[in-house]
Amino acid sequence: MKKTFLLMAITTAGISFGQGKIQYPQTKKGETVDVYFDTKVSDPYRWLEDDKSDETGAWVKAENEVTYAYLDKIPFREELKKRMEKLWNYEKIGAPSKEGKFTYYSKNNGLQNQSVVYRKDQNGKEEVFLDPNTFSKDGTTSLGGLDFSEDGSKAAYAISEGGSDWRKVIIIDALSKKAIEDTLVDIKFSGVSWHGNEGFYYSSYDKPKGSELSAKTDQHKLYFHKLGTSQKEDKVIFGADQKRRYVGGYVTQDNHYLVITAANSTYGNELYIKDLTKPNSPIVTIVDNFNSDNSVIENEGSKLFIETDFNAPNKRVVTVDAANPKPENWKDFIKETKDILSPSTGAGYFFANYTKDAVSFVQQYDYNGKLVREIKLPAVGTAGGFSGKKEDKILYYSFTNYTTPGSIYSFEPKSGKSEVYQKPKVDFKSEDYESKQVFYTSKDGTKVPMIITYKKGTKLDGKNPTILYGYGGFNISLTPSFSIANAVWMENGGVYAVANLRGGGEYGKKWHDAGTKMQKQNVFDDFIAAAEYLIAQKYTSSDYLAIRGGSNGGLLVGATMTQRPDLMKVALPAVGVMDMLRYNAFTAGAGWAFDYGTAQDNKEMFEYLKGYSPVHNVKKGTHYPATMVTTGDHDDRVVPAHSFKFASELQEKQTGENPVLIRIDVKAGHGAGKSVAASIQENVDIQAFTLYNMGFKALPKK
């Protein structure tokens, strides 16, 4: 690839809101040109990829000044914030788990920036175990994981600073809560899995040269940390010789096996085991290719239970003996069905959590594969959990939908008895709202489900402010869940619609594959058809429609608004993948190639990607919808340069008076661990911007 590059600094112009005009910072253009298969592609804003430069920092500051000056003038923004804070301010308690002599659980009093980990002893005495609110003064350091040794005497917890995917791991004596070793550093995309009480497995990359927030990372390694030794002595277990982008390792509950997964993309993994009861045992291959997703979810001695979509696009559970674990010896334990399986184990049972048309139903099996019961859920929605240790007598599960705040239920697997464990007290009248599932027709005739939620009695006159949300990628399913932000939106007369697009996992591997690589346009067509359905059925109209999505969903919004700018009034792309020619050059982005393909694959793939890449399809002289791009300056999952470039292209080429803003959270990443205060303010700003650009001068009447 030939490149020329001239860095040009930013100059900041003044801000003017007269006549609806905004004077944006004058983002200077460089002269970078890349050549793909004899096609020249200019990249004038390449300099914004340098997240360490003073020029980029100045640009971020200047853009935020424009954005916040605009948001500050919205008359009902503060009123919206007060209501959001009031509704958000309720106690939230997580499901408990027993570790050693204590029971641990998380709790948030309401508006605490981070949830606190508490514990109770055998007499019921409660105390704070870990308070992430003390990790940093501004609430930007969060708890990224907490795992206990087998006897509960030691714990290792991970922290994330500024929202980064890079973690530090701190090892403590669980009784005294004091650190007993030096902090482990530079850990990424990893859990912590203890082997007994002697140490634990974790994964990481070598620290990249250049910026740790944007430089490419593509060789993941599995390590073992033995207590009492330094991190530099940690032994590489897997990944030194076999180069893989994603490597994970976890120990079975009985400490018999180390299970290793290895992948080069977000779909398909190799599977290995190592017998930890035998010194110097070899690593044994179970699956030696990347053509299916596989994981060991349980064992009884040498009998392994494997979750897989090998020869089962909707997933199944199989059994095999560890002595001969290759796929040709697998036997069905829970067979594939027409619904999508997500299995778990606990209390001596298996739980088959199925997704059917994007909602849950759950079946319980014993270790002989016999169906015990179908578990009656509180309503139609999303259930999760049903997992724990073999010796547990009670398990816990969560339930939620678009109108029901997430509640936790206790469940006795032997009797099947289920009862409320924790039901939040939210100042929201769920009974006043309803969800309706519809199936609309996409461009090629495919039926696509969508759930539409709104206040009962809403008049379908085409004038309801509506947010259409989507994702459509990476085999991820969008299932019903409650959100305070969405509750506030609906209180103010808003309609909230979620489309279950191809590319997701709602209907298994075939549905996922239908939205990947050269079929990615199906995802955008599904989203466009969802918008057209909402308009045709008079839930809303183009003047009152906003489209929203994050990450791969940010790409969805970027592609949809550049293909059909007439369709919506507001576009809200968050932390989006916007430069489809260069996404694989940053951090672990190359691992997304299963879904996207890369511009280097071949000429046809390059041209296809360039054909929808949001950065490359902003056209001068076009009336784009009012747009607020959101990102974080510490996002090392989807680097903020994607959003920086897209916003720059839009600001340069937008015609008309619709604003194009970029809101850049400082010391924030892709979203995980974001403080409550930051989450509230972001949601307030998004809704205020949306309603204001739909013509509302005050909050709509409830």
Side-chain angles (χ1 to χ4, degrees), residues 84-149 152-164 167-180 183 191-192 194 384-385 387-388 396-398 400 405-410 420-427 481-485 667-669 671-683:
M84 191 87 72
E85 285 180 337
K86 184 179 179 185
L87 208 56
W88 209 295
N89 191 12
Y90 68 93
E91 186 178 67
K92 307 159 190 74
I93 300 176
S97 66
K98 195 169 187 305
E99 304 290 349
K101 297 178 180 179
F102 295 92
T103 299
Y104 293 83
Y105 51 96
S106 66
K107 184 165 68 174
N108 192 305
N109 292 336
L111 295 176
Q112 288 175 289
N113 275 326
Q114 305 289 342
S115 293
V116 178
V117 180
Y118 288 82
R119 71 179 177 192
K120 288 181 180 177
D121 63 17
Q122 292 162 315
N123 297 317
K125 183 183 177 183
E126 183 184 70
E127 67 173 335
V128 172
F129 180 67
L130 275 179
D131 185 357
N133 297 291
T134 65
F135 292 173
S136 62
K137 289 183 179 179
D138 57 4
T140 61
T141 300
S142 60
L143 182 64
L146 171 62
D147 296 274
F148 290 86
S149 62
S153 66
K154 308 288 189 298
Y157 68 92
I159 62 171
S160 166
E161 297 170 315
S164 171
R167 302 283 193 262
K168 293 177 179 175
V169 171
I170 298 158
I171 305 161
I172 61 174
D173 177 277
L175 189 61
S176 68
K177 299 179 280 187
K178 291 182 179 178
I180 56 175
T183 298
V192 163
W194 286 82
S387 63
Y396 298 87
Y397 70 92
S398 61
T400 184
S407 297
I408 296 173
Y409 292 78
S410 64
V420 174
Y421 174 78
Q422 194 270 333
K423 190 171 186 177
K425 297 176 182 177
V426 185
D427 184 23
S481 64
F482 185 79
S483 155
I484 290 295
K667 292 181 73 176
K674 184 174 287 190
S675 71
V676 164
S679 296
I680 289 173
Q681 191 61 63
E682 181 179 55
N683 279 293

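All of these numbers come straight from a predicted model, not from anything done at the bench. Here, residue 1 is the first one in the sequence, and each next residue gets the next number.
- Considering OG of S106 and CD of Q114, their distance stands at 11.5 Å, rounded to 0.5 Å.
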How far apart are the C-alpha atoms of I159 and K168, what are their side-chain angles, what is the distance that settles it, and do they pass the side-chain contact (heavy atoms from CB on, under 4.5 Å) test? CA-CA 5 Å; I159 62 171; K168 293 177 179 175; 3.8 Å; yes
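- Looking at S407 and P424, their side chains come closer than 4.5 Å, going by heavy atoms from C-beta outward.
- Contact annotation: the side chain of S160 approaches that of S142 to within less than 4.5 Å [non-hydrogen atoms, C-beta and beyond].
- To the nearest 0.5 Å, atom CD1 of residue I408 and atom OG1 of residue T400 are 11.0 Å apart.
- Checked by atom type and distance alone, the side chain of W88 never pairs as donor or acceptor with a backbone atom of I484 at under 3.5 Å.
- Annotation: the span from E682 atom CD to S675 atom OG amounts to 10.0 Å, rounded to 0.5 Å.
- Note that the CD1 atom of I180 and the OG atom of S153 stand 8.0 Å from one another [nearest 0.5 Å].
- Between D427 and Y90, the closest side-chain pair of non-hydrogen atoms is not below 4.5 Å.
- Aromatic pair F148/Y104: centroids less than 6.0 angstrom apart.
- By the 30° and 60° cut-offs, the orientation of the rings of Y396 relative to Y421 is perpendicular.
- Between L175 and F102, some side-chain heavy-atom pair lies under the 4.5 Å cut-off.
- The two residues N89 and G110 come nearest to each other via the heavy atoms OD1-CA, 3.4 Å.
- With a 4.5 Å cut-off on side-chain heavy atoms, I172 and F129 count as touching.
- Defined by atom type and a distance below 3.5 Å, a donor-acceptor pair is present between the side-chain atoms of S176 and D173.
- More than 12 non-hydrogen atoms from other residues, nucleotides or ligands lie less than 6.0 angstrom from NZ of K177.
- Under the rule for a ring pair (Phe, Tyr, Trp, His ring centres under 6.0 Å), the partners of F482 that lie at least two apart in sequence or sit in another chain are F428.
- Between the side chains of N123 and D121, not a single donor N or O lies within less than 3.5 Å of an accepting N or O.
- Remark: K107 pairs with E91, I93, N109, Y118, E126 by the side-chain contact (heavy atoms from CB on, under 4.5 Å) rule, at least two apart or across chains.
- When all heavy atoms of D147 and W194 are compared, the closest pair comes out as O-NE1, 3.1 Å.
- Taking CG of N113 as the reference point, atom CD1 of I680 lies at 8.5 Å (rounded to 0.5 Å).
- Side-chain atoms of S136 come within 3.5 Å of backbone N or O of T141 as a donor-acceptor pair.
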